[in-house]
Amino acid sequence: MEHKKWWKEAIVYQIYPKSFQDSNGDGLGDIQGIIQRLDYLKALGITVIWLCPVYKSPMDDGGYDIADYYSVDPMFGTNEELDELIQKAAELEIKIVMDLVINHTSDEHAWFQEALNDPTSKYRDYYIFKEGVNGLPPNNWRSYFGSSAWEKVPNEDNMFYLHAFTKKQPDLNWENPEVREDLYDMVNYWLEKGLGGFRIDAILNVKKRIELGNFEADGEDGLVFIGDWILNQPGIEVWLKELNERTFKLHNSMTVAEADVPDERLAEYIGEDGFFSMVFDFSYTDIDVPETGEWFKFSNWTLDELRENIFANQLVTQEKGWGALYLENHDQPRSINKYIPEKDINEYSKKMLGTLFMFLRGTPFIYQGQELGMTNIHMDSLAEYDDIATHDQYKRARLAGISHEEAFAGMNRRSRDNSRTPMQWDHTKNAGFSTSDQTWLKVNPNYQDINADNQQTEDTLLSYYKKMITLRTTAPYKNVLTYGNFSPITGTTPAIIAYERKLDGQSVLVLINFSDQSVAYPVDPLFTQVVLNNYQDAIAISTDEIQLQPYQSLVLANF
């Protein structure tokens with residue numbers, strides 16, 4: 001059997017703190033709110049909480065612009081309250097994983113402020129400063145959020161700093177050993193507090209290949225995508241190995257990297273002695289947008305592509321190491337809207353989607369509200385969007401000649417704010433999220449129908465997620481569903497996604513009818529146990545064929 005690790009057996013629940021639970025009525029979620037909801041999370045069955053950033057931040061990019069790595073932002077609470085959360089979660093056998101953002105800081109971080117105030121300070125070399133060309137940026141790189149990746153330094157002629165994200169997120173200079181030492185000290189500070197590990201943001205960007213001069217533009221703005229010069233550059237492996245050995249490895253940490261790693265290098269990252277425990281795959285979660293990332297250009301993906309992407313990722317990850325499974329996160333729209341046609345969104349299709357991902361090989365990540373079937377929100381105007389990337393995408397769509405109506409529809413479909421709306425707890429004011437008259441982001445009006453309080457009975461999506469988690473975490477299916485090999489079933493009816501998990505003579509078969517039609521499917525009569533069914537009708541395995549209902553999912557066992 002594969003080497004057992006605690007994080008391979010984990011069920012992770014991602015919390016976007018600003019939107020989870022407001023405990024003090026200011027319209028913003030906070031740490032005390034999370035503490036108040038720990039019993040809900042324990043009852044769901046999760047074992048790890050991934051907490052999006054709560055560090056001190058001006059919140060230009062949702063807290064991924066950190067002004068002080070050692071302090072909790074007052075909007076979320078205090079350092080003592082974070083200690084309390086770590087302790088109270090531990091009492092419920094739940095570990096806390098925090099975001100680690102070490103490609104860049106906020107421009108309000110003390111290091112950057114010192115670098116600006118004193119060009120001779122050692123902190124000038126903590127970031128990447130370059131001279132421009134006659135007052136213009138050193139090259140025509142486009143940041144991930146649009147516009148030039150270079151920002152002019154105030155009060156200095158012809159000097160610019162690099163920012164792969166917003167201009168308020170200057171990139172750190174990892175070539176400087178002092179920068180790395182300071183970061184390792186900070187990582188160990190948190191791990192010594194009892195943190196279970198980290199989700200590591202934008203880590204593939206830390207190694208830069210700085211080339212000056214202008215390159216051939218790839219967009220209407222005259223700029224070129226920065227990724228070719230800063231993603232997974234040669235030599236990055238030296239630093240990632242150093243980071244692991246100096247921090248994570250010492251604490252038996254769980255680490256999941258936001259890293260689109262080429263297949264040929266995957267073993268270095270997630271193998272037995274890899275840099276991280278696991279990495280996220282983007283091939284099926286970003287299937288609805290082109291590789292260049294323009295939300296306003298719909299990719300017109302097909303079910304065949306979805307199946308192929310899932311299967312390909314499962315097989316290569318299985319061969320190289322360990323993976324992280326997810327349908328949603330804080331950077332994605334709601335999965336039910338992404339994958340299921342509007343007319344087919346119902347309890348069956350929601351449960352089917354959960355089944356598809358929950359029994360793949362890897363550690364499952366559930367995003368807050370996913371277990372309730374929370375959906376995208378319709379905003380009435382661009383002004384209602386908080387997300388900086390949404391505003392940039394809209395601007396780029398209009399530059400590309402797309403009408404306001406079409407561009408705005410693209411934002412409604414793909415904005416990151418779709419997943420950031422307040423958690424829907426009950427039918428009271430603001431869905432039970434806050435007593436404030438004004439929440440930081442609009443509450444989805446469908447909270448009267450979709451909320452946790454409504455789903456405390458059998459046959460709801462919430463109860464279905466609890467069943468799936470129980471299957472993954474308890475006997476007799478725990479080992480095969482955690483450590484069992486993934487075996488794709490190919491050549492099926494076009495509407496069907498089917499796979500097996502196999503271990504020591506035990507086999508679990510997962511059947512997914514990803515369509516609104518009834519489909520007949522041949523099944524080996526040896527699969528006699530119906531482990532899970534998203535329809536209430538009994539299934540008889542008496543013949544070699546099963547009639548799958550629209551959006552039906554079945555989990556069968558042969559033990």
So which atom in K351 and which in L461 form the shortest heavy-atom distance, rounded to 0.1 Å?
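Closest pair (atom of K351, atom of L461, distance): CG-CD1, 3.6 Å.
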
[X]-[Y] side chain donor-acceptor pair, cut-off 3.5 Å:
X    : Y    : result
Q87  : E91  : yes
Y464 : T355 : yes
T317 : D281 : no
N173 : D125 : yes
S57  : D65  : yes
N418 : Q332 : no
T363 : W7   : no

Can you name the side-chain hydrogen bond (donor to acceptor under 3.5 Å, both in side chains) partners of [X], sequence neighbours left out?
X    : result
S121 : none
Y144 : N205
Q314 : none

Do the ring planes of F365 and F280 sit parallel (below 30°), tilted (30 to 60°) or perpendicular (above 60°)?
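Because their plane-to-plane angle is over 60°, the rings of F365 and F280 count as perpendicular.
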
Sequence neighbours left out, what passes ring-ring contact (aromatic ring centres under 6.0 Å, His included) with H330? Give chain and number order.
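Scan of H330 (ring-ring contact (aromatic ring centres under 6.0 Å, His included), adjacent residues dropped) gives W50, Y64.
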
Y447-F433 aromatic ring centre distance below 6.0 Å:
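Not close enough - the centres of the two rings lie 6.0 Å or further apart.
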
Quick test of your reading: applying ring-ring contact (aromatic ring centres under 6.0 Å, His included), list the pairs with at least one residue in residues 235-258, sequence neighbours left out, ordered by first then second residue.
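Every pair satisfying ring-ring contact (aromatic ring centres under 6.0 Å, His included) with a residue in residues 235-258: W174-W239.
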
Once salt bridge (charged side-chain N to carboxylate O under 4.0 Å, His left out) is applied, what residue pairs with a partner in residues 363-384 remain, sequence neighbours excluded?
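Output for this query lists D380-K442, E384-K442.
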
Using the side-chain hydrogen bond (donor to acceptor under 3.5 Å, both in side chains) rule, take D417 and T390 through it: C-alpha gap first, then chi angles, then the decisive distance, then the call.
CA-CA 8 Å; D417 281 344; T390 301; 5.0 Å; no

